[in-house]
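Heads up: the structure comes next, in structure tokens.
Each chain gets a letter, A, B and so on, in the order the sequences are listed, and its residues count up from 1. Keep in mind that this is a model prediction, so the values were computed, not measured.
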There are 2 protein chains.
Amino acid sequence: MARPRTHDETLRLRLLDEGGRLLAEQGPAALTVRRLAERAGTSPSAVYSLFGDKWGLVDEMFREGFRRFAERIAALERTGNPAADLNAVGEAFRANARANPHLYDLMFGEPFPEFVPGQETRAVAMGTFGALVEATGRCVDVGLLEGDPLTLATIFFGMVHGLTSLELLGWLPSPEQADAAWRRARLALYEGLRRVSTEV
Amino acid sequence: MARPRTHDETLRLRLLDEGGRLLAEQGPAALTVRRLAERAGTSPSAVYSLFGDKWGLVDEMFREGFRRFAERIAALERTGNPAADLNAVGEAFRANARANPHLYDLMFGEPFPEFVPGQETRAVAMGTFGALVEATGRCVDVGLLEGDPLTLATIFFGMVHGLTSLELLGWLPSPEQADAAWRRARLALYEGLRRVSTEV
DNA sequence: GTGGTTCTATAACGACGTTTCAAATCAATG
DNA sequence: CATTGATTTGAAACGTCGTTATAGAACCAC
């Protein structure tokens with residue numbers, strides 16, 4: 001019937017893999033359609049037949065970032081202590097960011113200002129946030145924290161995201177001090193929220 | 001001796017002004033050398049004779065962002081209460097971000113991944129961070145907080161930056177709830193840090 | 001008016017994302 | 001086995017970007 005297809009699933013995975021490598025090794029500016037195609041031994045057209053456009057490819061890498069994060073979250077066991085569980089979510093967030101810094105940048109930085117995640121992708125991203133809301137919610141349920149779980153989760157996320165950004169930028173001192181700062185920050189915020197009621 | 005100069009200080013200011021307007025109205029992608037020159041009624045060359053290159057212009061807008069922030073910080077009066085002063089710095093940070101969202105994006109987001117601030121500009125930026133370190137330092141001095149002022153400032157900055165990012169992205173609920181979340185987060189972090197010692 | 005000097009706007013360059021389109025390839029058909 | 005037809009691919013072209021080279025415009029001194 002037709003010419004045999006080479007723009008197939010194999011090439012698709014190869015492009016995603018090589019794209020991630022390009023991003024990690026040389027930064028977002030190096031991720032161009034031409035360069036990527038050359039590295040993968042194909043032509044720029046492949047990106048368009050397999051991903052629609054450049055942002056289609058970026059979208060999949062974006063999702064992969066959240067997939068890996070979700071994996072870590074899912075691996076967390078729910079202990080009997082909601083406060084410890086909440087803490088574990090924060091640690092998982094940080095660990096994931098340090099394990100996949102280029103994907104973290106893709107997820108929460110904006111290395112491609114023109115890229116906006118698709119609706120389905122945004123839903124996936126929001127889903128992982130749901131784990132955080134659930135964690136604060138359980139703290140509220142057992143009376144450890146007070147207030148709206150979503151607002152509490154937002155505050156925690158703000159803190160964790162802020163510290164992670166600073167750490168990846170290298171603005172946190174030595175690794176040991178970074179660990180200490182993280183521990184203290186998380187614990188302080190939690191203890192503070194326990195003591196500071198919703199009516200300020 | 002020569003042709004009269006039109007690439008002068010007046011045009012320079014006009015370009016900066018028009019650049020800010022472009023950024024605020026249509027986002028970073030719209031800030032191109034050609035478009036800017038056309039808006040300012042000149043040619044692309046003007047950007048190069050006055051700013052070296054595109055990033056020279058962006059660098060000046062970046063500095064303007066920190067200049068405005070420093071202005072707000074300088075306007076804060078030092079009360080007898082270091083805790084209140086620390087709180088005021090956080091509020092000034094938020095207020096500045098809301099008053100100049102496109103400059104905030106320039107300062108702490110990375111709308112132009114290729115742009116790296118010059119050394120002198122980074123020094124200006126770090127200078128404003130010094131005000132925060134000073135605020136935490138005074139809290140330490142009078143025994144309100146414990147630990148290294150720089151680490152404390154980093155924790156506070158992480159929190160404030162995180163919440164500001166979320167607010168500008170529209171991830172914080174209604175304005176009233178945002179206010180409440182901010183108040184509670186700031187107070188909780190402060191009270192938590194008071195109670196959680198450096199030895200965790 | 002002419003020459004020399006200084007400055008500007010135009011046009012070109014390479015790279016980008018994207019699109020168009022002809023060449024390439026194989027199954028089905030005669 | 002040759003031809004047709006459907007389908008996919010890669011090369012070339014388009015418009016845009018930041019940037020640069022350059023031709024010529026605009027002034028002063030003579």
Integer-rounded Å distance: D:dT19 P and B:D53 CG: 5 Å
Protein-nucleotide distance (B:R5, atom CZ; D:dC28, atom C1'), rounded to Å: 16 Å
Nearest listed nucleotide, side chain of B:T32, among C:dT25, D:dC17, C:dT10: D:dC17
Integer-rounded Å distance: C:dA15 C1' and B:E114 CD: 11 Å
A:H7 side chain near D:dT9 phosphate (N/O to OP1/OP2, under 4.0 Å): yes
Where A:E110 and B:L169 come nearest, the two heavy atoms and their spacing: OE2-CD2, 4.4 Å
Proximal nucleotide (of D:dT9, D:dT20, D:dA26) relative to the A:S49 side chain: D:dT9
Residue pair A:R21, A:E18: steps toward the salt bridge (Lys or Arg N to Asp or Glu O under 4.0 Å) verdict: CA-CA 5 Å; A:R21 190 164 295 135; A:E18 209 70 53; 3.5 Å; yes
Nearest-nucleotide 5' precedence on DNA chain D, B:W55 against A:S43: A:S43
Touch class at under 4.0 angstrom, heavy-atom based, for A:L36 against every strand present: nothing
Pair of N/O donor and acceptor under 3.5 Å linking C:dC7 base with B:R3 side chain: yes
B:S45 side-chain proximity, nearest of D:dG18, D:dT8, C:dT10: C:dT10
Distance in angstrom units between B:F115 CZ and D:dG18 P, rounded: 15 Å
Rounded distance in Å - CZ (A:R34) to C1' (C:dT19): 12 Å
Sidechain-backbone polar pair: A:N100 side chain, A:L103 backbone, donor-acceptor under 3.5 Å: no
Atom pair distance, as rounded to whole Å: CG in A:L31 and C1' in C:dA15: 15 Å
Contact nearer the 5' end of DNA chain C, comparing A:R35 with A:G52: A:R35
Contact summary for B:P28 and B:L23, nearest pair of heavy atoms: CA-CD1, 3.5 Å
Nucleotide nearest B:Y48 (side chain, heavy atoms from C-beta), chosen from D:dT20, D:dG24, D:dT9: D:dT20
Distance flag, aromatic centroids of B:F69 and B:F108, threshold under 6.0 Å: no
Of the listed nucleotides C:dT6, C:dT18, D:dT9, the one nearest the side chain of A:K54: C:dT18
Proximity to the side chain of A:P4 - top-ranked nucleotide from C:dT25, D:dG10, D:dT9: C:dT25
Nucleotide C:dT8, atom P - distance to CG of B:L15 in whole Å: 12 Å
Nucleotide C:dT6, atom P - distance to CG of B:D8 in whole Å: 18 Å
